[in-house]
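What follows is a short report on a single structure.
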Amino acid sequence: QVQIVESGGGLAQAGGSLTLSCAASGRDFSGYALGWFRQAPGKDREFVVGIALTGNSTDYADAVKGRFTIFRVNNKDAMELQMNSLKPGDTAIYYCAAGVLSRFSWNYKYWGQGTQVTVSS
């Protein structure tokens, strides 16, 4: 059974940091890109960042570039998202997904249940 599990969400103050983790299991994910999307209340789900299967290629949304860093862990079926200089606008449910490296959600086949990130001002 394929599972995508996110962890590490929580509450942070503006300017603070959080680290999100994503672990995939149930099949070999080494051939998949991994990505993070987020959805704030009343808004559409938006792309945050993606990382290719090799870990050598990344794509960041402009809203997070320079503040967030993504990297795959050694076994490539997991990744972490280091979020620094958080802003209240980063408040959302963050979803991990596996698929083809893309900014479009429909290119990701497997999705986690999401983890809440709340940034207070």
Side-chain angles (χ1 to χ4, degrees):
Q1 180 180 358
V2 172
Q3 281 192 314
I4 306 285
V5 179
E6 306 97 335
S7 61
L11 177 65
Q13 290 188 330
S17 299
L18 283 173
T19 300
L20 303 184
S21 298
C22 172
S25 62
R27 64 160 296 150
D28 181 8
F29 282 92
S30 60
Y32 285 77
L34 297 176
W36 287 98
F37 288 76
R38 67 186 182 186
Q39 187 166 17
K43 295 187 177 181
D44 293 334
R45 189 171 297 189
E46 65 175 0
F47 171 79
V48 176
V49 60
I51 186 166
L53 65 93
T54 62
N56 293 330
S57 179
T58 57
D59 183 20
Y60 292 88
D62 289 345
V64 305
K65 195 172 295 183
R67 300 188 297 121
F68 290 12
T69 303
I70 188 173
F71 53 94
R72 293 182 84 140
V73 296
N74 290 337
N75 66 6
K76 300 189 187 309
D77 287 348
M79 65 173 174
E80 292 191 352
L81 180 64
Q82 177 66 44
M83 305 186 296
N84 298 325
S85 303
L86 284 164
K87 304 175 181 180
D90 294 319
T91 295
I93 299 174
Y94 283 69
Y95 297 91
C96 176
V100 176
L101 184 60
S102 168
R103 294 190 170 204
F104 300 103
S105 59
W106 57 79
N107 283 319
Y108 292 82
K109 183 175 182 180
Y110 301 104
W111 290 82
Q113 294 299 307
T115 185
Q116 177 70 48
V117 171
T118 302
V119 183
S120 62
S121 58

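The structure places CG of Asn84 at 7.5 Å from OG1 of Thr19, a figure rounded to the nearest 0.5 Å. Residue Thr58 holds its OG1 atom at 9.0 Å from NZ of Lys65, rounded to the nearest 0.5 Å. Here CD1 of Ile70 is found 8.0 Å from SG of Cys96. Values are rounded to the nearest 0.5 Å. Distance check, rounded to the nearest 0.5 Å: OG1 of Thr115 to CG of Leu18 gives 9.0 Å. Distance CG/Leu81 to CZ/Phe71: 8.5 Å, rounded to 0.5 Å.
Within the 3.5 Å criterion, the main-chain N or O of Gly50 finds no donor-acceptor partner in the side chain of Arg103. Checking side-chain atoms of Glu6 against main-chain N and O of Gln113 turns up a donor-acceptor pair under 3.5 Å. When atom types are taken as modelled, the side chain of Tyr60 and the backbone of Arg67 share no donor-acceptor pair closer than 3.5 angstrom.
Between the side chains of Gln13 and Ser120, no donor N or O sits under 3.5 Å from an acceptor N or O.
By the 4.5 Å heavy-atom criterion applied to side chains, Phe68 and Leu86 are counted as neighbours. Within the 4.5 Å cutoff, side-chain heavy atoms of Cys22 are placed close to those of Ile4. Contact of the Thr91 side chain with the Gln116 side chain is registered, since non-hydrogen atoms from C-beta on lie closer than 4.5 Å.
Nearest heavy-atom pair, Ser85 versus Ser17, reported as atom, atom and distance to 0.1 Å: N-OG, 4.4 Å. The two residues Val48 and Val64 have their closest heavy-atom pair at O-CG2, 3.5 Å. Minimum heavy-atom separation, Ala33 to Arg72: CA-NH1, 3.9 Å.
Using cut-offs of 30° and 60° on the angle between ring planes, the pair Tyr108 and Trp111 is perpendicular.
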Cut-off 3.5 Å, no hydrogens considered: what does the side-chain donor-acceptor table look like for residues 34-43, sequence neighbours left out?
{"from": "Arg38", "atom 1": "NE", "to": "Glu46", "atom 2": "OE2", "distance (Å)": "2.6"}
{"from": "Arg38", "atom 1": "NH1", "to": "Asp90", "atom 2": "OD1", "distance (Å)": "2.9"}
{"from": "Arg38", "atom 1": "NH1", "to": "Tyr94", "atom 2": "OH", "distance (Å)": "2.9"}
{"from": "Arg38", "atom 1": "NH2", "to": "Glu46", "atom 2": "OE2", "distance (Å)": "3.2"}
{"from": "Gln39", "atom 1": "NE2", "to": "Lys43", "atom 2": "O", "distance (Å)": "3.1"}

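Hydrophobic clustering (side-chain heavy atoms under 4.5 Å, transitive across Ile, Leu, Val, Met, Phe, Trp, Tyr) groups Leu101 together with Tyr95.
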For this session: Begin from the C-alpha positions of Tyr110 and Val2 and carry the test side chain to side chain contact (heavy atoms under 4.5 Å, CB included) through to its verdict.
Result: CA-CA 8 Å; Tyr110 301 104; Val2 172; 3.3 Å; yes
